[in-house]
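In what follows, a single structure is set out as structure tokens and then discussed.
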Amino acid sequence: MNICAHLDADAANAAATACLAEWLKRPSTRNLMVAGGNTPLELYRRIAERRLPLSHLNVFALDEYVGVPLEEPRNCANLLRRSVVEAWGIPPARFFAVSSLAQNARASVQEHERRIANAGGLDVVVLGLGQNGHLGFNEPGSGENSDGRVLDLEQSSIEANREWFAGKHAPSQGATVGLKTILAARHVIVLAYGPHKAGPVRKMIEGPRNAGCPASFLQKHPDTHVFVDKAAAAQLDRQH
């Protein structure tokens, strides 16, 4: 793991933008996976400002809330369509998302993983870090060889979902790409900002590598870059 600790989120986002832009400009980068939620939105905005030629990319959503209407603006598909696909000039046909409908989500995420495999796997993944150490909706207990699936969410994730949707929805299930696909990506960025992420950051970086903190499986990934602000880095050993 490459740990990049900065004074504040603005500085961390600037560094993350430089890292991601460098990866995206490489001719070998074809398949990108992006997370929804609030944390990466500033990174996506800064990439859009650079006006890079990215129309060749295939963009895959990481996960999706289950039981939320397809037209909900803040579900993962619609958020990423606006903040990445449209903002970066990606052709709509090159964007692949997972259905948020309960009756379709499981089959949809399984097909999503097949499409990723058929495209040659992921070159770059952008991730946030859950307060319980999850990546996507791979909740604690998820093994490093887990496949795409629908999961029941822990209460902390449900409450985070309720806050994200301003009380309109509080999804108790999520559809997610499995850890096996995420860990097979060539390059990974993880973003974590604020004091509420200090505990998960410490477990991800310094804790035991096990399913209790799914993000800890990144400890053996060959090229993961973790961008944190001072508050999120507060519990790390001083060497980081």
Side-chain angles (χ1 to χ4, degrees), residues 20 31-49 51 54-119 122 124-132 134-139 142 147-178 181-182 189 191:
L20 180 58
N31 300 322
L32 168 70
M33 176 166 283
V34 284
N38 188 60
T39 301
L41 292 182
E42 177 62 13
L43 171 62
Y44 302 154
R45 187 192 67 79
R46 291 177 184 230
I47 291 293
E49 282 186 339
R51 300 189 180 278
L54 302 175
S55 62
H56 61 287
L57 290 179
N58 297 311
V59 176
F60 298 90
L62 168 65
D63 54 8
E64 186 57 274
Y65 305 97
V66 174
V68 174
L70 293 175
E71 64 273 15
E72 165 57 53
R74 291 171 75 85
N75 72 15
C76 295
N78 292 327
L79 180 73
L80 295 171
R81 187 174 289 110
R82 293 191 305 273
S83 60
V84 175
V85 179
E86 295 173 1
W88 296 6
I90 307 293
R94 289 187 173 272
F95 175 54
F96 306 97
V98 176
S99 175
S100 63
L101 299 180
Q103 64 269 33
N104 298 336
R106 179 171 286 102
S108 179
V109 75
Q110 290 171 347
E111 174 58 28
H112 197 55
E113 284 209 328
R114 284 192 289 270
R115 185 177 288 115
I116 292 167
N118 291 338
L122 298 170
V124 176
V125 180
V126 177
L127 301 169
L129 176 65
Q131 293 188 47
N132 60 4
H134 71 208
L135 298 177
F137 283 126
N138 290 285
E139 296 281 75
S142 298
D147 293 315
R149 64 215 187 280
V150 173
L151 290 88
D152 293 328
L153 304 180
E154 292 193 346
Q155 193 61 38
S156 62
S157 297
I158 296 172
E159 292 307 315
N161 294 347
R162 189 190 312 276
E163 182 178 354
W164 173 247
F165 288 109
K168 185 178 179 182
H169 308 287
S172 60
Q173 289 189 312
T176 185
V177 168
T181 296
I182 294 170
I189 282 178
L191 308 174

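Minimum interatomic distance between Ser55 and Pro91 (heavy atoms only, all atoms of both residues): O-CD, 3.2 Å. Here the closest non-hydrogen pair linking Pro92 and Val85 is CA-CG1, 4.4 Å. Across all their heavy atoms, Val68 and Pro171 have their closest contact at CG2-CG, 3.5 Å. Residues Asn104 and Ser99 approach most closely at CB-OG, 3.6 Å, considering heavy atoms. Smallest separation of non-hydrogen atoms from Val177 and Val109: N-CG2, 4.0 Å. Taking each heavy atom of Ala87 and Ser83 in turn, the nearest pair found is CB-O, 3.4 Å.
No more than 12 heavy-atom neighbours from other residues, nucleotides or ligands sit within 6.0 angstrom of CZ on Arg106. At most 12 heavy atoms of other shown residues, nucleotides or ligands fall within 6.0 angstrom of atom CD in Glu163.
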Item to check | Worked check of side chain to side chain donor-acceptor pair (under 3.5 Å) between Thr181 and Glu113 | outcome: CA-CA 8 Å; Thr181 296; Glu113 284 209 328; 3.1 Å; yes
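Using a 30° and 60° split on the angle between ring planes, Tyr44 and Trp88 fall in the perpendicular class, above 60°.
Taken from CG in Leu62 to CG in Leu80, the straight-line distance is 9.0 Å, to the nearest 0.5 Å. To the nearest 0.5 Å, the span separating CD on Glu71 from OG on Ser100 amounts to 8.0 Å. One distance of note links CG of Leu20 with CD1 of Ile189; it measures 4.5 Å at 0.5 Å rounding. With values rounded to the nearest 0.5 angstrom, Phe165 atom CZ is found 5.0 Å from Tyr65 atom OH. To the nearest 0.5 Å, atom OG of residue Ser157 and atom CG of residue Asp152 are 11.5 Å apart. Rounding to the nearest 0.5 Å places CZ of Phe96 at 12.0 Å from OG of Ser108.
Using a 4.5 Å heavy-atom threshold, the side chains of Ile47 and Leu54 count as touching. Within the 4.5 Å cutoff, the side chain of Leu79 has no heavy atoms near those of the Arg74 side chain. Side-chain contact between Asn31 and Ile116 is absent, with no heavy atoms from C-beta onward closer than 4.5 Å. No side-chain heavy atom of Arg94 sits under 4.5 Å from any side-chain heavy atom of Leu57. Side chains of Asn161 and Phe137 form a contact here, defined as non-hydrogen atoms less than 4.5 Å apart. Two residues are said to be in side-chain contact when any heavy atoms from C-beta on lie closer than 4.5 Å; Ser142 and Thr176 fail this criterion.
Look at Glu49 and Arg46 and you find no salt bridge, because none of the NZ, NE, NH1 or NH2 atoms lies under 4.0 Å from a carboxylate O.
Between the side chain of Arg82 and the main chain of Pro73, a donor-acceptor pair closer than 3.5 Å is present. Glu154 places no side-chain N or O within 3.5 Å of a backbone atom of Asn132 that could act as its donor or acceptor partner. At least one donor-acceptor pair under 3.5 Å links the side chain of Asn75 to the backbone N or O of Leu70. Between the His112 side chain and the Phe60 main chain, no donor and acceptor come within less than 3.5 Å of each other. In this structure a side-chain-to-backbone donor-acceptor pair under 3.5 Å is missing from Asp63 to Ala35. Between the Gln173 side chain and the Val66 main chain, no donor and acceptor come within less than 3.5 Å of each other. Side chain of Arg149 to main chain of Gly178: no donor-acceptor pair is present (N/O by atom type, distance under 3.5 Å, no hydrogens or angles).
Of the N and O atoms on the side chains of Asn118 and Arg115, not one donor lies less than 3.5 Å from an acceptor on the other residue.
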